[in-house]
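I have placed the structure first, in the form of structure tokens, so that the comments after it can refer back to it.
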Protein chains: 2
Amino acid sequence: MAQISESDAGGSSSLSKAVHILKDLAAHSVEGVRLIDLARRLNLSQPSAHRLLKTLIAEGMVEQMSDSKSYRLSLEFFSIASQASRREGILEIARPSLLRLSATFNDTVFLLVRSNFDAICLDRVEGPFPIRSFTGDIGGKVPLGIGQGSIAILSYLPEEEREAIIKFNMPRIMDRAAIDEVDLRIKIEEVRRIGAAQMNFEMIEGMAGLGVPVLDRNGIAVASLSIGTLASRLTEMRSSTITDLLKSEARAISNKLNPFDPTLRYPASALRAQSKS
Amino acid sequence: MAQISESDAGGSSSLSKAVHILKDLAAHSVEGVRLIDLARRLNLSQPSAHRLLKTLIAEGMVEQMSDSKSYRLSLEFFSIASQASRREGILEIARPSLLRLSATFNDTVFLLVRSNFDAICLDRVEGPFPIRSFTGDIGGKVPLGIGQGSIAILSYLPEEEREAIIKFNMPRIMDRAAIDEVDLRIKIEEVRRIGAAQMNFEMIEGMAGLGVPVLDRNGIAVASLSIGTLASRLTEMRSSTITDLLKSEARAISNKLNPFDPTLRYPASALRAQSKS
DNA sequence: TCTAGTATTCCGAATTATGGACTTTTTTTA
DNA sequence: TAAAAAAAGTCCATAATTCGGAATACTAGA
């Protein structure tokens, strides 16, 4: 699954390897990872992998299961991350919307957030039907351009940025979906016209979905709200109601998100006073 | 705040520094962190800090805010971290119980999990009253021995381990609560007798709580279920009902956790087949 | 008990990180 | 608005750290 990723351009280092290790551990967090498998998957020598793991353990990011010798991410890692009070952020703000939507439609609802060239699934509320989606579970990533939520975001990025992303992502997209650049551009135009991304053609058999962007104050997408459901359940009528509700929740989130985003709006100097060590 | 931590014993490395950077970024995630401040706080030369940050950015763990030049953790980091909490699946398994409990009592319910010498709050469902707890929000940590949920776990660890923890944690505990070792040991015995930890003496004024352990098949605590409420609401009668319900939910979780905990019970070989790269 | 297959440790070779000095950019002050 | 100050980012010779082959210690299965 998780490739070594990216062009190895320039500053490779032991740190990169360590990060790859963390990612690999995350990808196999349930069963844990054995040293050998890790080393093989990431093309590391066994001693190197071992040394890095040892350091990561010393730093509390990783732990070794006592039964088997397998390694996995430590909870402290999770704890550190959640300490980062991005908590005040979109996740908490959006959660009530997700719950409302899920309860209203009896479908699975997703919150995707843009991260560079990808959309990351930040939250997900399950409906009663088992849904297969591109993003997979919370934490999953898709290239911008695949799936409704993801396309909804892509469609509402500044043109220049969008172009760059399309250029970069097109190969990745074609790799995973039967779409070419023309299809994608047509789709984007449609999304911008309607304000929502609907999947007519089924990219996963039997599945369908609908996504709308969550915009910042400049009208640029930072996230998206989407639902995934059985294709048979997405009739014309339902689909229009759903779109409306998604849009209104997205707007609600935008409003809560925007009024004060100090990290973006205020001159950096104004904040600095607080951060005396 | 965040110290450079620990004895610098043995394997120091650039990786350690990188981890310190990540922790520092986590601690200052609201405003973002400037290169200089980071370097000063962590005793790094500016070029080193810069180089490490560059690598972390290349790996997608960190991003640079475009307005100021400050750095902060990227969403991908959070994405990886959230995988860490999914390890045992206990989060998903326990959530329904939390919801039920919270709905039944109208109080705040916590799921704590053991992590080395601490208990980490993995999940928390809010009741209508604002509750202050030791663990704080999701992701928060307390030393094992402080608070009901935490004591519930401590009480059901193997004796030897428990002793080691008490020895290690006692200073940290006394630092934060008016309890000495004798009090703690008496408390633990009581918990083991009753099967639940109840806070009679109020450690946070006006607050009270009740916690029960979630045991693995060997009767060792891996987590705890607890509620936090106003002291005035924890009458004798309520308290006994609540205890019963907590216990029954804890047992339910245990059962779901145990019958198939492949990572623990099955010969490692049985699992390996699946984990072909 | 023996025999893989792994995990862990050692250690000399060499690749990599390091920080002083320098350039560029941003912010503050006059 | 310009000049000064502060911070960000870059370069490079030096020094230290990482690297991986090989040896050793475990562990599970036969």
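So you know, we letter chains A, B, ... as the sequences are listed, proteins then strands, and number each from 1.
- A sub-4.0 Å separation between OP1 or OP2 of D:dT18 and a side-chain N or O of B:S13 is present.
- Between the CD1 atom of B:I21 and the P atom of C:dA17 there is a distance of 13 Å, rounded to whole Å.
- Rounded to an integer number of Å, the gap from A:N43 CG to D:dG20 P is 10 Å.
- A:L53 places its CG atom 12 Å from the P atom of C:dT9, with the value rounded to the nearest Å.
- The B:R34 side chain lies nearest to D:dA8 when the options are D:dA8, C:dT8, D:dG20.
- The pair A:E181-A:R185 meets the salt-bridge criterion, with a side-chain N (NZ, NE, NH1 or NH2) lying under 4.0 Å from an Asp/Glu carboxylate O.
- Atom pair A:I57:CD1 and C:dT8:C1' shows a separation of 12 Å (rounding to whole Å applied).
- A:E63 and A:S74 form no side-chain donor-acceptor contact under 3.5 Å, judged by distance and modelled atom types alone.
- Picking from D:dA7, C:dT8, C:dT9 the nucleotide with the shortest atom distance to the side chain of A:P47 gives C:dT9.
- Contact check, B:Y71 against D:dG9: a side-chain N or O comes under 4.0 Å of OP1 or OP2.
- Of the candidates C:dT8, C:dG19, D:dT10, D:dT10 carries the atom nearest the B:H50 side chain, counting heavy atoms from C-beta on.
- Rounding to whole angstrom units, CG of residue A:D37 and C1' of C:dG5 are separated by 12 Å.
- Computed from coordinates, the B:L35 CG to C:dT24 C1' distance equals 14 Å when rounded to whole Å.
- Ring pair B:F77/A:F77 is perpendicular by interplanar angle, where above 60° counts as perpendicular and below 30° as parallel.
- Taking 4.0 angstrom as the limit, B:K69 places none of its side-chain polar atoms (N or O) nearer than this to OP1 or OP2 of C:dT27.
- A donor-acceptor contact under 3.5 angstrom links the side-chain atoms of A:Q46 to the base of C:dA7.
- Of the candidate nucleotides C:dT18, C:dA7, D:dG20, C:dT18 has the atom lying nearest to any side-chain atom of B:S48.
- Atom NZ in A:K17 sits roughly 12 Å away from atom C1' in D:dT17 (whole-Å rounding).
- Considering only side-chain N and O atoms, A:R51 lies under 4.0 angstrom from the phosphate OP1 or OP2 of D:dC19.
- Nearest heavy-atom pair across A:G149 and A:S224 is O-OG, 3.0 Å.
- Rounded to whole Å, atom P of D:dT18 lies 12 Å from atom CG of B:L52.
- In this structure, A:G32 and A:S70 approach most closely via the heavy-atom pair C-CB, 4.1 Å.
- Nearest-nucleotide mapping onto DNA chain D: of B:I36 and B:L15, the residue sitting toward the 5' end is B:I36.
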